[in-house]
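The next block holds one structure in the form of structure tokens; read it before the comments.
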Protein chains: 2
Amino acid sequence: MTDSKTDICDNSNDTITKRLRAAGLRPTVQRRTVAENLLCGPHQHVDASKLFETISGNGGRISLATIYNTLNDFERVGLLRRIAISGERTWFDTDTGDHRHYYIPDEDRVFDCPSSALVIDVTPRAPSGYRIEKVDVVIHLEADTTKTSD
Amino acid sequence: MTDSKTDICDNSNDTITKRLRAAGLRPTVQRRTVAENLLCGPHQHVDASKLFETISGNGGRISLATIYNTLNDFERVGLLRRIAISGERTWFDTDTGDHRHYYIPDEDRVFDCPSSALVIDVTPRAPSGYRIEKVDVVIHLEADTTKTSD
DNA sequence: ATGCCTGCAAAAACTTTGCAGAATT
DNA sequence: AATTCTGCAAAGTTTTTGCAGGCAT
């Protein structure tokens, strides 16, 4: 079971409020809105502008700056995980667990790489004096025009 | 042997010129300067501003815009590999082969993760319809304040 | 001589910050 | 009421682009 977080949030304001408070964040309207959009339902991958559009499109009232602040706050308290994609923009993942990502530049899309797609999982060692904070694995994909099956 | 490229370039203008020409790039002064700095000697990891400072510090005459253009050109023709680090800046690696990276945010430093630090190497599968273009693995490190040896 | 490349500056894209007002406790 | 947060705009970073002049072929 990797979706331990998926149904913690039942979309009620109460649950979201508790969750934010537990993380040490004041449950403001904007933060609740972001939490509703990101932390309820299945995991997702967003960047600031995409989230801004989604919330604004749903009638939410929030500024881009607050989106950035909120995403950074959420990451700081462990509600989100920052992903390093090709260096353009910063993406955030609602799944804070250790896993890999597929990235399709041509479609500007990021999604999880199921562990079944990996032969064996490996944990790299850290050089002495350091410890591993996190491991980012991004698998860049391209549409395969080759019709041949392997 | 993974340093197949290390000594291809003997630092002579001739070799660099040939290399650029082989890649389909005109051997201009600026491109030769960048190539001298990056493609000769041991592999390195740079970002645009760091490279700009290095070259400028050595008396090289090149603009930041040209640095960016050149790095992008070099990547396009396969002389460099782009690395996705936490989303701040874009780094380039002179080692275009498949390997992992250590990243130390506090020191703003990137370096190779020797394969000996990995237990087993894995190749992920691509979802159907796509093929893997490249895999970015970035291991984020933090200074270990724990004195305990494992 | 032709065409590609460079430099500069301007702009574009992304992200952070400052301050006054508003919401939360 | 005190504190924290939001919004807006302005500024900061990083990267790209346009155009006139320069260099490579």
When the distance from [atom1] of [X] to [atom2] of [N] is rounded to whole Å, what number comes out?
X	N	atom1	atom2	result
B:R76	D:dT16	CZ	C1'	14 Å
A:R32	C:dA23	CZ	P	13 Å
A:R89	C:dA12	CZ	P	18 Å
A:N72	C:dT15	CG	C1'	9 Å

Checklist entry - Is the shortest side-chain N to carboxylate O distance from B:K50 to B:D47 below 4.0 Å? => result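 No salt bridge links B:K50 with B:D47.
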Checklist entry - So what is the end-to-end bend of the helix from C:dA1-D:dT25 to C:dT25-D:dA1, with 5 pairs used at each end and the value given to 10 degrees? => result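 Nearest ten degrees gives 30° for this helix.
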Checklist entry - Do you know which of B:R100, B:R81, B:R82 makes salt bridge (Lys or Arg N to Asp or Glu O under 4.0 Å) with B:D136? => result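 Of all the options given, the one that passes is B:R81.
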Item to check | Side chain B:T94, main chain B:Q44, donor-acceptor under 3.5 Å | outcome: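 Between the backbone of B:Q44 and the side chain of B:T94 there is a qualifying donor-acceptor contact (under 3.5 Å).
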Checklist outcome for this item: Under a 4.0 Å heavy-atom criterion, the protein footprint on nucleotides 2-9 of chain C, written with B, S and -, is -BBSSBBB
Next on the checklist: Below 30° counts as parallel, above 60° as perpendicular, anything between as tilted: where do the rings of A:H45 and A:H101 land?
Outcome noted: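 If you compare the ring of A:H45 with that of A:H101, the planes turn out perpendicular.
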Next on the checklist: Is there a side-chain contact between B:L79 and B:L38 in this structure, where contact means two heavy atoms from C-beta onward sitting under 4.5 Å apart?
Outcome noted: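 Side chain of B:L79 against side chain of B:L38, heavy atoms only: no contact under 4.5 Å found.
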Item to check | Sub-4.0 Å heavy-atom contacts from residues 46-60 of chain A onto DNA chain D, ordered by number | outcome: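 By residue number: none to list.
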